[in-house]
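Worksheet for the structure shown next.
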Amino acid sequence: MTVLVTGGAGFIGANFIFYWLKAHPGDRVLCVDKLTYAGNLSTLSAVLEHPDFRFVKTDLCDREALDRLFAEEHPGTVVNFAAESHVDRSIEDPEVFLRTNVMGTAALLDVCRKYGTLRFHQVSTDEVYGDLPLDRPGLRFTEESPLRPSSPYSASKASADLLTLACFRTYGLPATVSRCSNNYGPWQFPEKLIPLMIANALQDKPLPVYGTGKNVRDWLYVEDHCRAIDLILRRGKPGEVYNVGGNCEMNNLAMIKRVCQELGKPESLITYVTDRKGHDLRYAIDAGKLQQELGWQPATRFDEGIRQTVRWYLEHRSWWEEIVSGKYLDYYEKMYGDR
Ligand SMILES: NC(=O)c1ccc[n+]([C@@H]2O[C@H](COP(=O)([O-])OP(=O)(O)OC[C@H]3O[C@@H](n4cnc5c(N)ncnc54)[C@H](O)[C@@H]3O)[C@@H](O)[C@H]2O)c1
């Protein structure tokens, strides 16, 4: 089988490619990525020469390029990770989020329909549900919760979900959607909370916390997310939405303190900064459907996952240092410039 993974030079997409090549030996994996600031080809260096792997630098919005690739490779399964993914950036400049997350997904769905893709999966986020109050811990998002996105990022992801489901209903494209809580683990770009805190702490720089730090997120180790998507692709029902969550709620301040503890760094590095506009208070996912229907549950306990993650950033210092310095942007030129 040939699996097309979009956004595979980013955090979760790359982890998914590593996971898939290991879990499904013999499958061919194609990666389409535009290599925006968030895409880092060096992340994929371990598989670039793999006989079953092919990297194609393409914009999801480039319909002709997608069409050429599908005509050549006829991928049976398509998993769409490619997105602009940083909420803060969406608040500063929403347009690129609409372009990639909405128009890019629409282009991909069209080409999947044209070539009769057997399975399409849209990787979405719990942020499409908006937020929950801090004082009602019993409330959690189910797949039936209304879509109430708060940021341009989550609004664009909600649009992509709806386009995917409409494509199933109207054209019969066998498509599913998963809405996952916050992921953490190796290869995450150091603008996101956990790697930013690790990188700053290791450099003895301030650890910026938005507002009071009381905003709650539900954390899931990235490999558990990859396993959930695999299961949904194999056993999920087309037309359905599946929530994926870590059952591990923690406020941002507690998370940052935990990172300090793992690294042996002082909490005095923590500094409070002006809160994000429209900052969601609490996300909490009810992943009961995925658990009951497909037997999924998170395998990595938080204690173990955060320890592994911190160790990974300690052992891969050059990876994130090249990002912080901007040097990683040269990697594509080095690998592909003269090919
Ligand atoms: N990180 C999380 O905690 C989380 C949680 C739930 C859902 N998600 C979703 O999972 C997906 C992956 O998230 P991530 O954290 O790995 O993101 P990321 O920002 O690390 O990676 C995104 C990748 O998409 C690529 N990309 C961006 N625009 C593109 C375009 N126009 N054409 C082709 N490629 C393009 C980038 O180059 C990058 O490699 C996203 O759809 C995101 O909404 C993320």
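Only heavy atoms go into these numbers, but all of them, side chains included; no hydrogens, no water, no symmetry mates. Every number for a ligand or one of its atoms is a count from 1 in the order of the listing.
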(message) Is any side-chain heavy atom of Val241 closer than 4.5 Å to one of Leu165?
(response) yes

(message) Out of all atoms in ligand 1, which are within 4.0 Å of some heavy atom of Leu35? Include the element for each.
(response) 37 (O)

(message) Applying ring pair (Phe, Tyr, Trp, His ring centres under 6.0 Å) to Tyr184 and Phe302, what does each step give before you reach the verdict?
(response) CA-CA 10 Å; Tyr184 68 100; Phe302 180 74; 5.5 Å; yes

(message) Out of all atoms in ligand 1, which are within 4.0 Å of some heavy atom of Ser181? Include the element for each.
(response) 5 (C), 6 (C)

(request) Would you mind running through ligand 1 and noting each atom that sits below 4.0 Å from a heavy atom of Lys157? (result) 40 (C), 41 (O), 42 (C), 43 (O)

(request) Determine whether the aromatic ring centres of Tyr37 and Phe189 lie less than 6.0 Å apart. (result) yes

(message) Please check if the number of heavy atoms outside Tyr171 that lie under 6.0 Å from its OH is greater than 12.
(response) no

(message) I'd like to check which ligand 1 atoms, numbered from 1 as shown, lie under 4.0 Å from a non-hydrogen atom of Phe81.
(response) 11 (C), 12 (C), 40 (C), 41 (O)

(message) So if I count the atoms of ligand 1 from 1 in the order they appear, which ones are less than 4.0 Å from some heavy atom of Ala9?
(response) 39 (O)

(message) Only heavy atoms of Val123, strictly under 4.0 Å: list the atoms of ligand 1 that pass.
(response) 10 (O), 41 (O)

(message) As a quick check of understanding, evaluate ring pair (Phe, Tyr, Trp, His ring centres under 6.0 Å) for His86 and Tyr153, giving each step before the final call.
(response) CA-CA 7 Å; His86 193 45; Tyr153 162 65; 8.9 Å; no

(message) Check for me whether the distance between the ring centres of Trp320 and Trp312 falls short of 6.0 Å.
(response) no

(message) As an exercise, identify every atom of ligand 1 less than 4.0 angstrom from a heavy atom of Ser124.
(response) 6 (C), 7 (C)

